[in-house]
*Asks:* 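Questions regarding the structure given below will be posed in turn.
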Amino acid sequence: MKRSLPSVLLINALLVLLAVVSLAPLLWMLSVSFMQTGEAGHFPPPLLPSHATLGNYRELFVRAGMGRFLFNSFLVSSCVMVLSVLFNTLAGYAFAKLRFRGRDRTFQALLAALVIPGQVAMMPLFLLLKQMGLVNTYMGAIVPGMAAIFGIFLVRQYARSIPDELLEAARIDGAGEWRIFFQIVLPALKPILVTLAIFSFLGAWNDFMWPLIILSDESLQTLPVALASLSREHVMDYELMMAGSVVTILPVLLLFLVLQRYYIQGLLLGSVKG
């Protein structure tokens with residue numbers, strides 16, 4: 001049914017209003033990061049800096065060592081993303097297309113484990129990694145994100161749409177399972193793999209609790225932990241804190257904007273698969 005012009009204008013106006021309301025805090029955060037020290041504490045708070053400055057960013061990287069924390073977050077998040085995509089894809093494909101004893105019951109047990117809060121497993125995981133000598137190491141921060149039940153479920157649901165006849169034809173032609181996986185399955189799973197990669201990277205990048213527990217050395221800390229420590233030292237320095245927040249969210253925002261087409265495609269296709 002064709003909508004009338006007033007209704008179309010009203011819907012678009014509401015969408016624009018919602019977009020402005022959603023973006024306003026982010027835009028004000030960006031504006032405050034360029035303000036002079038103490039300027040954001042005035043009442044009413046200014047919307048724009050009177051004299052824009054990069055001093056807050058210089059202090060972050062020169063005095064607070066934010067570059068090191070940025071590198072740590074990027075390293076941990078990138079490793080988690082790569083390993084998570086690899087292991088979740090292997091497991092999801094196996095649950096979808098390979099036949100082995102206890103496959104369905106194992107998958108059902110994994111789904112049941114989704115209701116268990118992640119915080120419950122932190123203490124046993126910490127003790128296990130301590131026995132392995134991985135406490136206060138990059139690897140210790142990476143291990144919990146190497147595989148996720150939700151990621152396995154996501155890949156499995158999408159992989160079920162791959163025709164069995166295609167895989168059987170490849171086996172008849174003499175292709176091994178690894179060749180089938182890398183040359184047939186992975187290209188077919190591309191949209192959902194990008195979605196999974198974004199989820200994994202964002203989860204590792206924004207994670208605060210686990211790096212706080214496992215990384216006691218300040219030189220190994222990630223951005224969320226470093227930003228929390230910075231807030232305790234500069235509790236009233238709103239401009240510096242907003243600059244730190246911009247540095248924290250800017251990389252993931254750029255990643256999402258670059259890959260949003262694949263992300264949305266993966267979600268829409270995954271919602272109708274299986």
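For clarity, every value in this text was computed on a predicted model and none was experimentally measured. For reference, positions follow the sequence shown, starting with 1.
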*Asks:* For V80 and G145, which heavy atoms make the closest approach, and how far apart are they?
*Replies:*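 Taking V80 first and G145 second, the nearest heavy atoms are CG1-O, 3.5 Å.
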*Asks:* Surrounding CZ of R103 (heavy atoms of other residues, nucleotides or ligands, distance under 6.0 Å), is the total greater than 12?
*Replies:*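 Yes, enclosed.
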*Asks:* Can you label the angle between the F107 ring and the F153 ring as parallel, tilted or perpendicular, going by 30° and 60°?
*Replies:* parallel
*Asks:* Within a strict 4.5 Å, meaning less than it, do heavy atoms of the I249 and M29 side chains meet?
*Replies:* yes
*Asks:* Would you kindly confirm whether V115 and V120 end up in one hydrophobic cluster when ILVMFWY residues are joined by side chain heavy atoms under 4.5 Å apart?
*Replies:*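 Same cluster.
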*Asks:* For the side chain of S31 and the backbone of L27, is there at least one donor-acceptor N/O pair under 3.5 Å apart?
*Replies:*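 Side chain of S31 to backbone of L27: no pair is present.
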*Asks:* For L227 and F208: C-alpha separation, side-chain torsions, deciding distance, then whether side-chain contact (heavy atoms from CB on, under 4.5 Å) applies.
*Replies:* CA-CA 10 Å; L227 190 61; F208 171 79; over 6 Å; no
*Asks:* Could you tell me whether the side chain of W28 and the main chain of P46 form a donor-acceptor pair under 3.5 Å?
*Replies:* yes
*Asks:* Would you give the length of the straight line joining atom CZ of R156 to atom CD1 of I149, rounded to the nearest 0.5 angstrom?
*Replies:* 13.5 Å
*Asks:* Measuring from atom CG of L215 to atom OG1 of T137, what distance do you get when rounded to the nearest 0.5 angstrom?
*Replies:*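 The OG1 atom of T137 is 7.5 Å from CG of L215, to the nearest 0.5 Å.
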*Asks:* How long is the span from the CZ atom in R171 to the CD atom in E168, to the nearest 0.5 Å?
*Replies:*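 Output value for this atom pair is 5.0 Å.
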*Asks:* With under 30° as parallel and over 60° as perpendicular, where do the rings of Y57 and F34 fit, or are they tilted in between?
*Replies:*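 Y57 and F34: tilted rings.
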*Asks:* Other residues, nucleotides and ligands only: do more than 12 of their heavy atoms fall within 6.0 Å of CZ on F74?
*Replies:* no
*Asks:* What closest approach, in Å, do L129 and G140 show between heavy atoms, and which atom pair accounts for it?
*Replies:*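 The answer is CD1-O, 3.7 Å.
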*Asks:* When you group the ILVMFWY residues by side-chain heavy-atom contacts below 4.5 Å and let the links chain together, are V246 and L23 in the same group?
*Replies:* yes
*Asks:* Using the rule given for side-chain contact (heavy atoms from CB on, under 4.5 Å), can you reason through T53 versus E239, listing the C-alpha separation, both sets of side-chain angles and the distance that settles it, and then say yes or no?
*Replies:* CA-CA 10 Å; T53 176; E239 298 77 16; over 6 Å; no
*Asks:* In the structure I gave you, are the side-chain heavy atoms of L90 and L86 within less than 4.5 Å of one another anywhere?
*Replies:*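 They are in contact (side-chain heavy atoms under 4.5 Å apart), so the answer is yes.
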*Asks:* How many angstroms lie between atom CD1 of I213 and atom CE of M122, to the nearest 0.5 angstrom?
*Replies:* 5.0 Å
*Asks:* Given F61 and V247, is the side-chain contact (heavy atoms from CB on, under 4.5 Å) satisfied, shown in steps?
*Replies:* CA-CA 10 Å; F61 286 93; V247 172; 4.0 Å; yes
*Asks:* CG of L154 to CD1 of I192: how many Å apart, nearest 0.5 Å?
*Replies:* 4.0 Å
*Asks:* Might you point out which heavy atoms bring L98 and E177 nearest each other, and give the distance in Å?
*Replies:*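 Taking L98 first and E177 second, the nearest heavy atoms are CD2-OE1, 3.9 Å.
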*Asks:* At their closest point, which heavy atom of L223 faces which heavy atom of L70, and how far apart are they?
*Replies:*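 Heavy atoms only, the tightest pair is CD1-CD1, 3.4 Å.
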*Asks:* Keeping the roles fixed (side chain from N88, backbone from A148), state whether a donor-acceptor pair exists under 3.5 Å.
*Replies:* yes
*Asks:* Check for a donor-acceptor pair, side chain of D173 on one end and backbone N or O of A175 on the other, with a separation under 3.5 Å.
*Replies:* no
*Asks:* Compare all side-chain heavy atoms of T222 with those of D207 and state whether any distance is below 4.5 angstrom.
*Replies:* no
*Asks:* Tell me, do F69 and T248 make a side-chain contact under 4.5 Å, heavy atoms counted?
*Replies:* no
*Asks:* Would you confirm whether K97, through its side chain, and I162, through its main-chain N or O, come within 3.5 Å as a donor-acceptor pair?
*Replies:*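 Yes, the answer is positive, given that a donor and an acceptor are paired below the 3.5 Å cut-off.
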*Asks:* Please work out which of the three classes, parallel, tilted or perpendicular, describes the rings of F126 and W210, given edges at 30° and 60°.
*Replies:*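 The rings of W210 and F126 stand perpendicular, inter-plane angle above 60°.
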*Asks:* Under 3.5 Å, side chain of R68 to main-chain N/O of S219, donor-acceptor pair present?
*Replies:*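 Yes; judged by distance alone, with no hydrogens or angles, the pair exists.
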*Asks:* Check the hydrophobic clustering (I, L, V, M, F, W, Y; side-chain heavy atoms under 4.5 Å; chains of links allowed) and say if V155 and F182 are grouped together.
*Replies:* yes
*Asks:* Any side-chain to backbone donor/acceptor pair from N56 onto S33? Under 3.5 Å, distance only.
*Replies:* yes
*Asks:* With rounding to the nearest 0.5 Å, note down the distance linking CG in L15 to CD1 in I11.
*Replies:*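 Going from CG on L15 over to CD1 on I11, the span is 7.5 Å.
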*Asks:* Kindly determine whether N136 and I214 satisfy side-chain contact (heavy atoms from CB on, under 4.5 Å), including the steps that lead there.
*Replies:* CA-CA 5 Å; N136 203 31; I214 200 70; over 6 Å; no
*Asks:* Given the rule that I, L, V, M, F, W and Y join up when any side-chain heavy atoms are under 4.5 Å apart, are M66 and L54 in one cluster?
*Replies:*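 They do share one cluster, since a chain of ILVMFWY contacts under 4.5 Å joins M66 to L54.
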*Asks:* Determine whether Y93 and Y158 make a side-chain contact, defined as any pair of heavy atoms from C-beta on separated by less than 4.5 Å.
*Replies:*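 Y93 vs Y158: side chains apart.
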*Asks:* Hey, any chance I172 and L166 share a hydrophobic cluster, counting ILVMFWY side chains that come within less than 4.5 Å of each other, even indirectly?
*Replies:* no
*Asks:* What pair of heavy atoms forms the shortest contact from W205 to P224, and how long is it?
*Replies:* O-CG, 3.3 Å
*Asks:* Work out which heavy atom in P25 is nearest to a heavy atom in S22; give both atom names and the distance.
*Replies:*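 Of all heavy-atom pairs spanning P25 and S22, the closest is CD-O, 3.5 Å.
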*Asks:* Which one of T195, L196, L202 satisfies the side-chain contact (heavy atoms from CB on, under 4.5 Å) criterion with I198?
*Replies:* L202
*Asks:* Can you confirm whether P144 sits close enough to L125 that some side-chain heavy atom of one is under 4.5 Å from a side-chain heavy atom of the other?
*Replies:* yes
